[in-house]
Structures are given as structure tokens and as C-alpha cells.
Amino acid sequence: MTRKYVRHPSGYDVGGNEKLYAHMAAQGWLLEKRGYFLSRLRNAAPAQLRYRIEFGDRTTAAALPTEQVALYEACGWHYVTGTGWVHVFSAPVDSDAPAIYTDPVMQADTLKGYRNRSSLSGFLVTATIGALLIFVGKPGSGSFLETLKSIAIMPWITQTASYLLFLCFFVWALYAFVREKVYTRRLYRRLRRGSSIDHAPKSRRLPHKIVSFILLACCTASLALSITQWAQHREYDMPAAADGPYFLLRDLGFDGERTTSHFVEKSNSVEYKRSLLSDQWFTYEVILDDGGQNRWMYQDIYILHDIGLVEPFLPALLQYESRFSLSDFKPIAIPGLDAAYEGRHECIAVKGTTIYLIRTNTQETPVDILEQLVSLSE
Amino acid sequence: MADKLPMTETMYYILLALERPEDGCGLSQRISALSGGRLTIGPGTLYGHLTRMQKEGLVGIVSSLRQQRTFVLTEAGKLALLEEYARLKRQVQDGASLEGLI
């Protein structure tokens with residue numbers, strides 16, 4: 001093996017990085033390239049080297065000015081690699097190359113750009129929040145708290161593993177972001193007080209390693225569950241006879257030949273998804289009835305895995321759906337259903353752990369549709 | 001320059017070493033020689049000070065060969081150096097009574 005990759009500490013752990021690279025060089029692995037998370041090392045003869053971290057210049061967008069590199073190299077330091085704000089120099093231990101910084105206060109100034117940059121982890125935190133909001137879509141028409149609740153509950157029940165993955169990743173990114181801010185500030189203050197960097201610190205990072213390991217394990221497990229969840233997704237043409245808990249237009253008394261919608265680029269279809277907490281069916285059917293009219297029906301059916309999930313899920317669904325219809329769902333009483341709601345063009349029914357959301361243009365009233373639903377589901 | 005803060009030792013020696021033009025690493029060696037080995041300035045510290053001094057107009061660049069720049073004192077830099085030297089000399093003179101005690 002001529003090359004290998006090692007996980008390096010974050011940029012603010014200056015001493016930790018320098019110690020790692022010196023240790024690896026003594027074992028015959030010289031730093032070749034430093035990435036954001038991993039460093040690539042190449043196999044070579046063991047060498048006693050000093051490594052020093054230098055932070056980029058904010059006036060040159062984190063790169064080191066060429067004259068600065070030239071000055072360091074003229075003084076015996078060799079530029080090895082650099083990514084983002086972190087650059088690495090090396091010199092043999094027994095060389096005459098002087099310490100790069102003899103004034104800790106001057107070195108503190110080099111941290112300013114690194115401190116104030118938009119850190120990668122900060123970006124990930126923001127991107128994760130943004131993805132969560134896009135994931136669910138715009139807030140509904142209710143109060144902010146209701147909207148927040150629906151944003152949290154809907155994906156939790158319908159895409160549990162993916163939601164878990166986002167949460168784990170968010171927590172991990174937030175932890176990394178906070179830790180980076182705290183430790184960079186601490187390093188800056190230490191240098192401003194005149195204390196030099198310890199280039200071979202004792203390893204006191206066990207709590208951090210434990211926390212990182214736990215978060216990584218959670219992310220990995222969530223990813224595996226997400227892949228499993230995704231693998232169970234199916235989408236296919238609607239069969240002649242229902243193969244799931246949905247019903248067909250002819251069950252409502254509308255016969256006709258199946259056709260394609262003129263307005264929506266969609267043909268009769270069934271989509272099935274499964275999460276850790278629910279099974280979901282999404283169907284679309286459109287027929288040309290005997291009168292030459294297009295009759296269509298959308299059904300969203302949620303079969304929750306626990307009766308206790310109905311109470312939090314139902315308001316979230318009502319809130320979520322109100323963004324599309326802008327109608328208020330009014331509760332109605334239908335014998336045989338645990339709960340029922342009518343909107344302008346849709347209705348919602350709850351029976352046990354199954355929740356039905358039906359939209360149709362058949363001009364049947366929601367009460368008629370739901371009464372037929374009761375008789376069909378018995 | 002009465003309203004300006006006194007120069008740091010590092011800045012003083014950098015200006016002193018630039019009595020004749022010098023490049024970065026040569027400057028570091030000259031400073032060490034001038035101070036009798038007492039003062040060692042690393043390239044990072046030196047670069048930071050030179051950059052700041054350039055912005056303040058105390059130091060200029062006389063040539064740039066393969067990214068290695070040769071620095072020189074500007075007129076403002078010479079004046080600042082002389083003023084600092086005079087200040088330090090006054091301070092030593094003020095402490096003349098200590099002479100027999102060393």
C-alpha cells in the first residue's frame with residue numbers, strides 16, 4: 001500500500017494536527033494532501049519532521065499569499081498542502097528552520113479570518129434546516145406553532161428513517177459547529193495572552209471521540225434504515241382490481257374506461273411507501289364515464305402502526321393539507337368512522353389506525369363518499 | 001509621533017535591519033546578528049510585521065524575484081526609526097544614575 005487516508009482533527013486543533021502528522025511521518029507516512037475530513041499520506045522512509053499549521057489570509061480568500069509561502073520556504077519550511085483555511089508546512093526536526101511564530105499575539109491575528117469564516121459545519125446546519133423545510137414544503141395557514149408541529153410530525157410518521165437521518169446529521173453538524181466556535185475562540189484568547197501553541201498536546205479528546213462515535217453510529221444506522229425504507233417504495237399502474245386498502249371509482253358507482261388526464265401528466269397509478277411508523281398508499285384514478293365526462297379521484301391512505309399515532313398525526317395532516325386547499329376542514333359525524341372531516345373538494349376519514357384523504361370531482365358529497373367508504377371497508 | 005504608541009522591540013529591529021535592503025529570510029538573520037542572538041523572529045511573525053509596516057508606509061519593496069521580495073526603508077520608515085532611537089536613548093539617559101549599580 002503506497003497511500004492511505006487518516007481522519008485528521010479539525011483545523012482549530014492546531015497542536016493535534018501537527019502531532020498527528022509528525023507521528024505519522026516518524027512511522028513512514030508523509031502527508032501528501034489534506035482534505036476537509038481526511039488526509040492522504042504516502043508511504044516513504046520514516047522521517048523526523050516538524051509540521052506547522054498556518055491559517056489562510058482573509059484578503060486572499062483563505063489562500064496563502066505566494067510571497068508568504070516564498071518567505072517561509074526561504075527560511076527552511078516546505079509547503080506541503082492546504083485546503084480551505086488550513087495550510088501545512090514541514091521542516092526536518094534537526095534543521096535550522098526557525099519557529100514560524102515567535103510572537104503568539106501575531107499568530108492570533110492569523111486566526112481572525114478562520115474564526116469569522118462561514119464554517120462548513122455552520123453551512124451544513126443551515127442546509128439541513130433548509131432541507132427540512134423544503135422537505136415538507138411551505139408552512140400551512142395555521143399558527144406558527146401548529147405549522148411547526150405539522151412540519152415535525154408529518155415527516156416523522158411518513159418518512160421516519162429519513163427524518164431520523166436528518167435529525168442525527170443536524171445534531172452532529174450543530175455539535176461540530178458549536179465545538180469549533182468554542183475551541184477556536186479559546187485558541188485565539190490563549191494566543192492573545194501570549195501563550196504559544198503546544199505542538200504535541202496530550203490527547204484529552206476522549207469525551208469528544210465518544211460523542212462523535214455515537215453521532216456517527218446514529219447517522220449510519222439511520223442511513224441504513226433510510227435505504228431499507230426507500231427500497232420498499234413501489235409505484236405502478238393501477239390494476240383493474242384494488243390490491244390495497246384503496247377503493248376504485250366504480251366502487252362509488254362510477255363506471256367508465258380508464259383514461260389519461262388532460263390537465264395533469266399522470267395516468268392511473270398506485271404508489272406505496274413504508275416507513276417505520278406507517279404504510280402509505282397514494283392512488284390516482286381517472287375514467288371517462290358514460291356521459292363523456294372525466295371523473296378522477298386521488299386517495300392518500302395512511303395506515304399507522306400504532307393507534308397512539310393517530311392523535312398527533314391527524315391535526316398535522318389537516319394543517320399540512322390546508323396549504324393546498326385553503327379550506328377549513330369541518331368535522332362531520334359519520335357512523336362507522338372514528339372521525340371525519342369535509343373540506344371544499346376533499347374529505348378525511350379516520351377508522352382505527354387508518355386515515356383516508358380523498359379528493360374527487362365526482363360531485364358526490366363528502367358525506368356520501370364517507371358513508372360508502374364505511375360500507376366498503378367493512 | 002508623540003501621539004503614537006512606542007514601537008515594539010520587534011518593529012524597531014526590523015526597521016534597524018532594513019538600513020540596507022534585504023529579503024525576508026536575510027532580514028531574520030540580520031536581526032538575530034544585530035541583537036547578538038537575543039532576538040529571533042520567525043518567518044510568520046516577520047511576514048505579519050512587514051505586511052503591516054508596508055500598509056503604514058514604513059517599508060517598501062525594491063524588487064520581487066520569484067515571489068521573494070526585497071524590502072527597503074521608506075523615508076517615513078527612516079524617520080520613525082530615528083524617532084524611536086531618540087526615544088530609547090532618552091530613556092537610557094534618564095536612567096543614568098543606575099549606571100554604577102549594574
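Bear in mind that the values here come from a model prediction, so they are computed numbers and not experimental data. Chain naming here is simple, since letters A, B, ... match the order of the sequence lines and numbering starts at 1 in each. Values below: every heavy atom of this structure, side chains too, minus hydrogens, waters and symmetry copies.
Listed in order of number, the residues of residues 93-102 of chain A that approach chain B to under 4.5 Å between heavy atoms are A/P98, A/A99, A/I100, A/Y101, A/T102.
A salt bridge (Lys or Arg N to Asp or Glu O under 4.0 Å) check over residues 11-25 of chain B, counting only residues at least two apart or in different chains, returns the pairs B/E22-B/R30.
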- Mind running salt bridge (Lys or Arg N to Asp or Glu O under 4.0 Å) on B/E84 and B/K89 for me, showing each step along the way? CA-CA 8 Å; B/E84 180 65 11; B/K89 198 172 167 188; over 6 Å; no
Apply ring pair (Phe, Tyr, Trp, His ring centres under 6.0 Å) to the pair A/Y51 and A/H78, showing each step before the final yes or no.
CA-CA 9 Å; A/Y51 283 90; A/H78 165 64; 9.5 Å; no
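Between A/L64 and A/Y79, some side-chain heavy-atom pair lies under the 4.5 Å cut-off. Under the 4.5 Å side-chain criterion, counting only non-hydrogen atoms from C-beta, A/Y114 is in contact with A/V86.
In this structure, A/H208 has its ring center closer than 6.0 angstrom to the ring center of A/Y175.
Top candidate by heavy-atom pairs under 4.5 Å with chain A, chosen from B/T10, B/I41, B/L27, B/T51, is B/I41.
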